[in-house]
**Q** 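Quick one: structure below, then a few questions.
For the numbers below, each heavy atom of this structure counts, side chains included, while hydrogens, waters and symmetry mates do not. Residue numbering restarts at 1 for every chain, and letters A, B, ... go by the order of the sequence lines.
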Amino acid sequence: MAIVGGSCRFGLWYVHVWWDGDVVHRVRFAETGIPGTVPAPVLQYCAGRPVDLSRMNSVALEHDSLFSRIYRSVRDVPYGATATYGAIASRCGTAPRVVGRAMAHNPTPLVIPCHRVVAARGIGGFSPSVEIKEALLAMEKKGKTRVKG
DNA sequence: TGCGAGAGCTATT
DNA sequence: AATAGCTCTCGCA
């Protein structure tokens, strides 16, 4: 199956998604949109519904490197919750900075919810803008509180 | 190739 | 406040 791409809005940003069947190859945030559609769960997620995006597959999980293990641990962080870099690190038997590196190179944000990984003191970083991280966390907090979507 | 420094951090002096 | 710890990447030779 060929890789197809598309985008949808998230607040002031656009979410670009490239996927192939049920495997997500790449997700990124941008200021402009591109033609095409995104997987339904992503669309619902961006609309504020508490969708469990961890059910989608990501290319980041296909290998068995340390990074993949980190991504799997991060993916286990549920909607509306957060974990610290240190917590993920100890779960994978590595150091917090390594988790930071893994997050920085996360090919599929949202599917691998790297925005739910925060610093022990403070929110931590996010690329391309930490505003997105804040917005995502705020949205999830709201979405979790809301009884019905 | 091969070495050194620094990254979306943290716990420990 | 400074530093070591861990893995990966990039720059420079």
Side-chain angles (χ1 to χ4, degrees), chain A residues 3-20 22-34 36 38-39 41-146:
Chain A
I3 298 178
V4 294
S7 68
C8 71
R9 274 276 301 279
F10 173 74
L12 301 174
W13 294 81
Y14 286 87
V15 182
H16 297 195
V17 183
W18 283 269
W19 79 105
D20 171 6
D22 53 354
V23 179
V24 180
H25 286 246
R26 173 111 186 133
V27 176
R28 74 192 279 203
F29 293 92
E31 296 179 355
T32 57
I34 58 174
V38 301
V42 175
L43 206 52
Q44 293 173 358
Y45 179 88
C46 290
R49 307 232 191 114
V51 179
D52 183 12
L53 293 180
S54 71
R55 297 195 45 228
M56 296 198 294
N57 289 326
S58 164
V59 287
L61 305 170
E62 291 185 341
H63 309 294
D64 201 25
S65 59
L66 172 60
F67 272 28
S68 294
R69 268 184 285 137
I70 292 174
Y71 293 142
R72 274 189 273 272
S73 293
V74 172
R75 199 181 53 158
D76 289 340
V77 180
Y79 188 101
T82 58
T84 62
Y85 292 96
I88 301 294
S90 67
R91 202 174 303 168
C92 297
T94 187
R97 283 197 97 138
V98 179
V99 178
R101 281 231 65 71
M103 296 305 98
H105 288 286
N106 178 10
T108 59
L110 300 190
V111 179
I112 310 295
C114 59
H115 59 279
R116 293 182 197 142
V117 183
V118 298
R121 307 241 182 289
I123 191 169
F126 197 81
S127 176
S129 167
V130 72
E131 295 172 13
I132 297 174
K133 188 172 188 173
E134 291 170 348
L136 287 168
L137 291 174
M139 183 191 79
E140 292 194 358
K141 204 169 157 188
K142 219 186 300 176
K144 199 171 84 165
T145 310
R146 195 182 322 176

**Q** Decide side chain to side chain contact (heavy atoms under 4.5 Å, CB included) for A:Val59 and A:Asp20; before the verdict, give the C-alpha distance in whole Å, the side-chain angles of both, and the deciding distance to 0.1 Å.
**A** CA-CA 10 Å; A:Val59 287; A:Asp20 171 6; over 6 Å; no

**Q** With rounding to whole Å, what would you report as the distance between B:dT13 and C:dC6 at their P atoms?
**A** 15 Å

**Q** So which protein N/O to nucleotides 9-13 of chain B N/O distances come out below 3.5 Å?
**A**
residue : atom : partner  : partner atom : Å
B:dC9   : N4   : A:Arg97  : NH1          : 2.6
B:dT10  : OP1  : A:Ala120 : N            : 2.4
B:dT10  : OP2  : A:Ala120 : N            : 2.9

**Q** Report the distance from atom CD1 of A:Ile70 to atom C1' of C:dT7, rounded to the nearest whole Å.
**A** 8 Å

**Q** Could you state the atom-to-atom distance from NE2 of A:His63 to P of C:dT7 in whole Å?
**A** 19 Å

**Q** Give a yes or no on this: more than 12 heavy atoms of other residues, nucleotides or ligands lie within 6.0 Å of atom CD of A:Glu134.
**A** yes

**Q** Round to the nearest Å and state the distance from A:Leu66 atom CG to C:dG5 atom C1'.
**A** 14 Å

**Q** So, using salt bridge (charged side-chain N to carboxylate O under 4.0 Å, His left out) as the criterion, who are the partners of A:Arg116 when residues are at least two apart?
**A** A:Glu140

**Q** Could you state the CE-C1' distance from A:Met103 to C:dC6, rounded to the nearest angstrom?
**A** 15 Å

**Q** When rounded to the nearest Å, what value does the distance between C1' atoms of C:dT3 and B:dG6 take?
**A** 15 Å

**Q** Take atom CG of A:Asn106 and atom P of C:dC8, then tell me their distance rounded to the nearest Å.
**A** 16 Å

**Q** Can you give me the dot-bracket string for DNA chain B, 5' to 3', counting Watson-Crick and G-U wobble pairs with both distances under 3.5 Å, using [ ] for crossing pairs and | for partners on another strand?
**A** |||||||.|||||

**Q** Does atom CZ of A:Arg28 have more than 12 heavy-atom neighbours, drawn from other residues, nucleotides or ligands, at distances under 6.0 Å?
**A** no

**Q** Taking atom C1' in both C:dA4 and B:dA5, compute the distance separating them and give it to the nearest angstrom.
**A** 15 Å

**Q** Starting at atom CZ of A:Arg101, determine the distance to atom P of C:dC10, rounded to an integer number of angstrom.
**A** 8 Å

